[in-house]
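To start, the structure under review is shown below, and the notes come after it.
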Amino acid sequence: MKRYILILLAIAVCVAGFNADAKKKRRSHKRAAKKTIVQPEPKGYESVEGDYEGVMEYDKAKYPPEYPGGNEGLMKYLSKNIKYPKSTQKNGVQGTVVLQFIVEKSGAISNVKVLKSVDKALDNEAVRVVKAMKHFIPGYNEDHAAVRVLYTLPVNFKLE
């Protein structure tokens, strides 16, 4: 009788351990799914500069590119590195410059383009800061192969 109780107890412990591992995997999968980045749609913006000739792969990315540290890391980088142009500061110019660029398979940034212009000086500063950015974690397709991805980034300039 004791032998059967010990066997049942051992089976119960094994099942409980297996169930806990399965729950852990489901939780980590849910956390990974929450980290996806949603980029704003560039609807209604006029193209100011840039050329995307030959770029057709960007629409195949199932997993979007991500800046190291996620959106939080990207916002920290922008706030730390943007220098508000003095000429626009004096004139009280502020607004949101919307940029679009390609995140290459290597994570490098190319073809930076201004979609929504506020002021030439603000546009140039936003482009300068984005071109100086370190590499992104590239986007991937469903086969987990790196692909080129079109990325839209609004850069806010606000006087305080």
**Prompt:** Counting N and O atoms only, with roles assigned by atom type, does the side chain of N141 sit under 3.5 Å from a partner on the main chain of D143, one being a donor and the other an acceptor?
**Reply:** yes
**Asked** Would you call V155 and I82 a side-chain contact if the rule is heavy atoms closer than 4.5 Å?
**Response** yes
**Item:** Side chain proximity check, F101 to N111, heavy atoms < 4.5 angstrom
**Value:** no
**Prompt:** Can you check whether L122 reaches P85 side chain to side chain, under 4.5 Å on heavy atoms?
**Reply:** yes
**Item:** E66 side, atom CD; Y140 side, atom OH - distance, nearest 0.5 Å
**Value:** 11.0 Å
**Prompt:** So do the side chains of Y63 and E142 get within less than 4.5 Å of each other, counting heavy atoms only?
**Reply:** no
**Prompt:** Sequence neighbours excluded, which residues qualify as side-chain hydrogen bond (donor to acceptor under 3.5 Å, both in side chains) partners of T96?
**Reply:** N156
**Prompt:** For F136 and V103, which heavy atoms make the closest approach, and how far apart are they?
**Reply:** CB-CG1, 3.7 Å
**Asked** Any side-chain heavy atom of I109 within less than 4.5 Å of one from I102?
**Response** no
**Asked** Do Q100 and L150 have side chains that get closer than 4.5 Å, going by heavy atoms?
**Response** yes
**Prompt:** Is the shortest heavy-atom distance from the side chain of V98 to the side chain of V114 under 4.5 Å?
**Reply:** no
**Asked** Do L78 and I137 sit in the same hydrophobic cluster, where Ile, Leu, Val, Met, Phe, Trp and Tyr count as joined when their side-chain heavy atoms come under 4.5 Å apart?
**Response** no
**Complete:** By side-chain hydrogen bond (donor to acceptor under 3.5 Å, both in side chains), E104 pairs with (sequence neighbours left out) S110, R148
**Item:** Any side-chain heavy-atom pair of F157 and V97 under 4.5 Å
**Value:** yes
**Request:** Determine which pairs satisfy side chain to side chain donor-acceptor pair (under 3.5 Å) with at least one residue from residues 75-86, sequence neighbours left out, and list them in order.
**Result:** none
**Message:** Check for me, please, whether L99 and M133 land in the same ILVMFWY cluster - side-chain distances under 4.5 Å, paths through other members count.
**Reply:** yes
**Request:** Measure across Y151 and P65 and return the closest heavy-atom pair with its distance rounded to 0.1 Å.
**Result:** CD1-CG, 3.7 Å
**Asked** Where the side chain of N91 meets the backbone of V93, is there a donor-acceptor pair that is under 3.5 Å apart?
**Response** no
**Prompt:** If you look at every heavy atom in L159 and G92, which pair is closest and at what distance?
**Reply:** CD1-CA, 3.5 Å
**Prompt:** Distance only, no hydrogens: is a donor on one side chain within 3.5 Å (strictly under) of an acceptor on the other, for S117 and D123?
**Reply:** yes
